[in-house]
Amino acid sequence: MREAWTSVEVLNDGGTAPVALICEHAAHAIPDELEELGLGPEARHSHAAWDIGARDVAVALSELMDAPLVAGTISRLVYDCNRPPEAPDAIPARSEVFDIPGNRDLQGRDRARRVAEVHDPFHAEVSRVAAGRAALVTVHSFTPVYHGKPREVEIGYLCHRDARLAEAALAAEQGAGRYRAALNEPYAPSDGVTYTLQRHGEDHGRPALMIEVRNDLIATGPQARAMAEHLHPILRAALAELGASAASHTDAGEVAE
């Protein structure tokens, strides 16, 4: 019998905050039927498979802010929920130093099945949860060294085209003076990483922000909690700057896609 699994979980669904939290790369699980995509333990638990520490940060933020959280439950190596179905790296054949044998030459029906079973349920839940919320915030992490190059930035605040929320968060971060932070680092919209921000944020006139945290800062539960406690007032200040804390979005009647 085929294993039963789902690609999405929703925590604190009844949260009262005006913001929806999203964590696309929260898990490294691979359904048994995919035979671990032909990967060894190192690859399956590496930053290529998930955003290390991001779920713990997002869960703590959800509690602190009383905000709903939509989190992925399947590895981004099966399907990257922060990519549209047509993107070549939505189902990567290689991720940094790892070849992904189970994704090699994936075509037609098999690719469409991944979209239907991972992408579609995830984004339907994001649409449902984000409806009526004034802002959208996604939580990610990144590796300190990528392709052999060290990254000095510790927290990145990313946007698609509308930079208002990202700029407000960066200003609050710089005011706190604790971490090295930058706008659209270590990734930028040109890297194809703003799919969720665009689809569920800007396309609905909803301010949207991606937070990228260097994963060595959130690798343990206590570290992740401390980071969430740091980010909470940053987000509160940024949302207040935009007036989102007192606003209710107008698309409350939106239906899940």
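Residue numbers run from 1 in the order of the sequence given.
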Discussion item. Using the ring centroid of each side chain, check whether His230 and Tyr179 are separated by less than 6.0 Å.
Written reply: yes
Discussion item. To check you understand the geometry: which heavy-atom pair defines the closest contact between Ala43 and Phe98, and what is its length?
Written reply: CB-CD2, 3.5 Å
Worksheet entry | ILVMFWY network linking Val19 to Leu11, side-chain heavy atoms under 4.5 angstrom | yes
Practice prompt. List the atom of Tyr157, the atom of Ala181, and the distance in Å for their closest heavy-atom pair.
Written response: CE1-CB, 4.3 Å
Discussion item. If hydrophobic clusters are built from ILVMFWY residues whose side chains come within less than 4.5 Å, do Val115 and Val8 share one?
Written reply: no
Worksheet item: Can you find a pair of side-chain heavy atoms, one from Ile155 and one from Met227, that are under 4.5 Å apart?
Response: yes
Worksheet item: What about Ile74 and Leu39, same hydrophobic cluster or not, with Ile/Leu/Val/Met/Phe/Trp/Tyr joined at side-chain heavy-atom distances under 4.5 Å?
Response: yes
Worksheet item: Can you name the nearest heavy-atom pair linking Arg114 to Leu77, along with the distance?
Response: NH1-O, 4.1 Å
Worksheet item: Does Asp99 pair with Arg104 as a salt bridge, N-O distance under 4.0 Å?
Response: no
Worksheet item: Would Leu183 and Leu231 show up in the same hydrophobic cluster when neighbours are defined by side-chain heavy atoms closer than 4.5 Å?
Response: yes
Worksheet entry | Arg44, His45, His47 screened by side-chain contact (heavy atoms from CB on, under 4.5 Å) with His28, the one that passes | His45
Response to the item:
Closest heavy-atom pair, Ala237 versus Ala172, reported as atoms and distance to 0.1 Å, is CB-CB, 4.1 Å
Discussion item. Salt bridge check, Glu212 against Arg151: does any charged N sit closer than 4.0 Å to a carboxylate O?
Written reply: no
Worksheet item: Hey, is Arg225 close enough to Glu63 for a salt bridge, meaning N to O under 4.0 Å?
Response: yes
Worksheet item: In terms of heavy-atom contacts, does CD of Glu42 have more than 12 from other residues, nucleotides or ligands at under 6.0 Å?
Response: no
Discussion item. Under the salt bridge (Lys or Arg N to Asp or Glu O under 4.0 Å) test against Arg180, which residue among Glu173, Glu154, Glu185 passes?
Written reply: Glu154
Discussion item. Give me the atom names and distance for the closest heavy-atom approach of Leu239 to Ala135.
Written reply: CD2-CB, 3.6 Å
Worksheet entry | Residue pair Ser141 / Asn215: nearest heavy atoms and the distance that separates them | OG-CB, 3.8 Å
Worksheet entry | Aromatic ring pairing His119/His123, orientation class (parallel under 30°, perpendicular over 60°, tilted between) | tilted
Discussion item. So Arg76 and Asp51, do their side chains get closer than 4.5 Å, heavy atoms only?
Written reply: yes
Worksheet item: Same hydrophobic cluster for Trp50 and Val70, using side-chain heavy-atom links shorter than 4.5 Å among ILVMFWY?
Response: no
